[in-house]
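All values below come from the heavy atoms of this structure, side chains included, with hydrogens, waters and symmetry mates left out. Below, read A as the first sequence line, B as the second, and so on, with proteins coming before strands; counting in each chain starts at 1.
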Amino acid sequence: MSEGEMILTVEDLRKFFELRKGLFSKPVYVKAVDGVTFTLKKGESISLVGESGSGKTTLGKTILRLYEPTKGKIIFKDKDVTHLSSESLMWYRRETSLIQQDPYGALPSFLPIRRIIEEPLIIHKIGDKSERLKRVYDALSAVRLTPVEDFASKYPHMLSGGQLQRVAIARALVLEPELVIADEPVSMLDASVRIETLTLLRNLQETRKISFIYITHDLATTKYFSERLFIMYAGKILESGNIRDVIMKPLHPYTQALIKAIPDPDPENRKVLRDVPPGEPPNLIHPPSGCRFHPRCPYVMDICRVEEPPIVEREKEGFVACWLHAKH
Amino acid sequence: MEQSLLDVRNLHLYYATRKGVVKAVDDISLSLKRGETVAVVGESGCGKTSTARAIIRLLPRNVHLYRGSIILDGKNIMELDDERFRKDVRWKKISMVFQGAMNSLNPILKAGYQVAEPLMIHENMSKVEALKRAGEALRMVGIHESFIDRYPFELSGGMKQRVVIAMALITRPQIIILDEPTSALDVITQANIMNLLKKLKNELELSYIFITHDIALSSELADKVAVMYAGEIVEMADAETFYVKPSHPYAEKLMASVPTLRTDKQLDFIPGAPPSLIYPPPGCRFHPRCPYAFDKCMKERPTAVDLGSGHYVKCWLYA
Amino acid sequence: MGAEGMELGFKGVLKELLAYKSGALGVVILVFLVALSIYTVVAIPYDKAIKLWRGEEEVWIENPRNAQPIWVKYWEYLRGRNLPETIKRDTSDSKQYGVYKSLRAIPGTNLKRLYIEFSFKYEYDDFPSEINIFFSSKFNESAPILRIAWEKPGGNKIELLDFIPRDKYDRLYLSIEHDVLKVLRSYVEEKLYALGKNPEVPLSVEKALFAVEDESMSSSLTVKPLKGTYKLIIEGLLFGKDSDVDARLIIYGKVYGMCGTDHLRRDLTIAMLWGLPIALSFGLIASLTITFLQLIIATISGYYGGWIDALIQRLTELYMILPFLPFLIMIAAFYKLDIWVILAAIIILNIFGGGIKSTRALVMQIKEYPYIEAARAYGASSKRIVLLYIIPKILPPVIPGLIGAVPGYVFLEAALSLLGLGDPFLPTWGKVINDSYRWGALYKGYYYWVLQPSFMLILTAFAFAFIGFALDKIVNPKLREI
């Protein structure tokens, strides 16, 4: 597989959760992911930014087939994995990996670190015992948990949050996956270790040429981690593009609001009010018609309420889904 | 110099646990003027929330040591007995917005009633009158009065947070302690709540003690910043000084680890993990992680050094 | 909620356990009980215990009936009453104090003259419970003729009866011998008339034999034992050259052994000791099996969901409304009363118990934990997730319940025995209580008979309950008072 080749293609992916209110009532659907399309190149790292309830986590887990997709296609290394049966899925499980938000919950508390990292190797029947142990030690030293023998024999409750998250990273990378999805990997860590963990992840991603999807609500950290940005809102991607481009020149009113809402440490902040739209993200059972942001949008037009916005290419790369930028 | 509204001196709060004595708040001092906000920033487990609880005297059962003086309006409220404190100070003079408070609303009571409750408890106000005042308080926090009859499940996260702020406001306290008031909210909603808190502060001349782990967010309200580390305040400075150039090595490193959106800067991080509050390191508690540490730091506990205009640093580099 | 127990390991848990007063007390009691069980099983092997308990070969014949335990004697002693112990005199043991035997041939005849004198000091404040004489005779053509007499302190002699042994071994139950009773009645009446009194409530054999001879003799309620040296004299005529007679006198006391005896003269120590390993193993096996079966069923129910879950849940609900005890009584009535059958019945009747509901709720919660999701992401199979990821996590919170449930099953077995549905062969506490109940122990004042097995039951319950409570605090730190 050569550089620049696609590793993952997601086409019009949808994931609806069925919600039954009563035994005899008609089921309703939570449209958590509602038509997402994007591609990921081999060795590329992208950021998926959205607020809670935007569907970003569901999107990540649906791509990893932890949820059954409702509609659409997931193509990984030219193979359609959308509806792979559980036996053929083992291959996909080996090639992909997940890093979760909560380091305290992500590891089984009753197993030693060595065994926790060894588990994926055992499941995929890789190597014999000594070979596996070597790979466990390699993984631990890759996440800089040294001396590795010490850490290997410890139990999760003996480690700090930052160290636990590095164990989780070691476990996620021990199978040498091609695609890693990290869902808020540092948001539960303390500020002082957040950057350390993120830097570590970035270095591993670059040296091992891993294709990476970084899911976060924290726009400020994305540019330290990836090149391309996708902004998600109410189950859809509203804007994408080069991170610096999008932050400097956001085109979608939602992206603009998001950027305005985020403070940088500055003593002037306290003297001014932030110009952000009121309201909160819509409920996903009955999302707004037309553009999903229209009820909160300061520039709303009649058409926004009725018709879904068109996908408009940005100047350099990426797109924006907004009627304001529609070419007439 | 202007008289301070709240003056906390040498406050201690230790807890007794099965593993030992946790020195959650270890000799801290801070002062607050009318209409001023002090932000208490630090990582999880540094004693921020314990400081808040010590000031408003909402203590767990396993208190080992609770000592110091808290002077509110010239009166030492540490000397009041629990009953007097409850009647005269808590909620009347100092109220609090708890962390994750929006999830602590009673799901079976109407929002208006919950806002009105402090008045009925603390001021023996009649229900009708209290509800009237609750309506006003809700309007102040940007919720329409008609929401008085809504139940918490009918409100969005941001609205619940506003209801909780209205609860803290309704007794017209002079000081509100905000403990991570936006921790579970989206960034845009968070910005809206911050806007609300700024407006309320100006309109009502409120003083805030704003407890947060988020330095960038603290700059939204802080006139003064107190940086906590391992139960101590290691730096106290006004916003203009602090956000431009913090002095304590910990504060400096912490600031350097904050990713900024608008500017590109080299990010830095602090190696190691925060120390145990049961057996804190000897000398300066930050010395095991400090790049500038020298002999003295390992042996002697630094005292607060006055750098002028209310800027204090607990660090041997400045002694 | 967490798997703290697992993280601590066995040693750690034990250390934590001992840190709690209740836990330490529970451990101390349990260690004692286990040590006692081991001692019991080694010292009185199962076969021997069963033999003893079933009273084969009349092993208990020399024990008093319904004797109080020795501790009652000490207690009464403090109150100034000396309760009688069993006194034995045997001619075959010539060195024994208070035994005299002479056997002389009468010259010129084929006859022998026998003279046996048993003497003993009686210093007790109560009457003996029974008096028996056991004879072992050697004779060819004719049985010996024996005349038995009683001599009280002070020299009053009473001819009791003439007795001819019918067999090589024969016994004389003095207490229930009609002739003896008649003789004694007239003896007592004579004495009373001499004192100008009338007999009111007739005296039993033992009372008449040991009575102080004054007005108090007129009623069995007022009669007092006379202290001093008594004699039992056996004179006999024996036929044949080789003939001989040996006699063994037993004056049964009112106290016996550590735990007393029951209505069949059986030493209750056997039941108290053997009841322990039976109760411990019964309770532990029942609790362990039921807990683990429920654990597995609940985990399957909670993890897989769907129709399996629905089926298990409906079954559980059905089980919860089934009348458990009547079922058990029915089973016990239809099948052989064997402790293993009862154990199996209890297990089967509890498999779908209420524990499934709470464990299932726990599984549903753990199922959503990130580490389970992570395991799915790296390809762990459902089987592996259930066995390796969920069960170890729910084990710690389940174990205090397991320990705490042990007394429940011990009590259940005892209750079934009390209802007469227990294993009739095994010496269990429940069986002892059942006996005591059937023989009117409380009505007759044999409190020890009921109290001792009850105490053992309660002690066992305390041990497990204390450990269970302490463990609960260790594995559910939320229960700790900080």
Quick check on the structure: residues of residues 371-390 of chain C within a heavy-atom distance below 4.5 Å of chain A, by number.
C:Tyr371, C:Glu373, C:Ala374, C:Arg376, C:Ala377, C:Tyr378, C:Gly379, C:Ala380, C:Arg384, C:Leu388, C:Tyr389
N/O donor-acceptor pairs under 3.5 Å from side chains in residues 398-405 of chain C, not counting sequence neighbours:
none

Mark yes when over 12 heavy atoms from residues, nucleotides or ligands other than A:Lys73 sit less than 6.0 Å from its NZ; otherwise mark no.
no
Any non-hydrogen side-chain atom of A:Gln101 less than 4.5 Å from a side-chain atom of C:Pro370?
no
Taking every non-hydrogen pair under 4.5 Å, which of A:Thr96, A:Leu64, A:Leu107, A:Ile99 racks up the most with chain C?
A:Leu107
Quick check: are there more than 12 heavy atoms from other residues, nucleotides or ligands sitting under 6.0 Å from OH of C:Tyr304?
yes
Using a heavy-atom cutoff of under 4.5 Å, enumerate the residues of residues 131-143 of chain A that contact chain C, numbered in order, or state 'none'.
none
Go through the structure and list residues passing salt bridge (Lys or Arg N to Asp or Glu O under 4.0 Å) with C:Arg314, not counting sequence neighbours.
C:Glu317
Chain C heavy atoms under 4.5 Å from A:Ile181: which part of the residue, side chain, backbone, both or neither?
neither
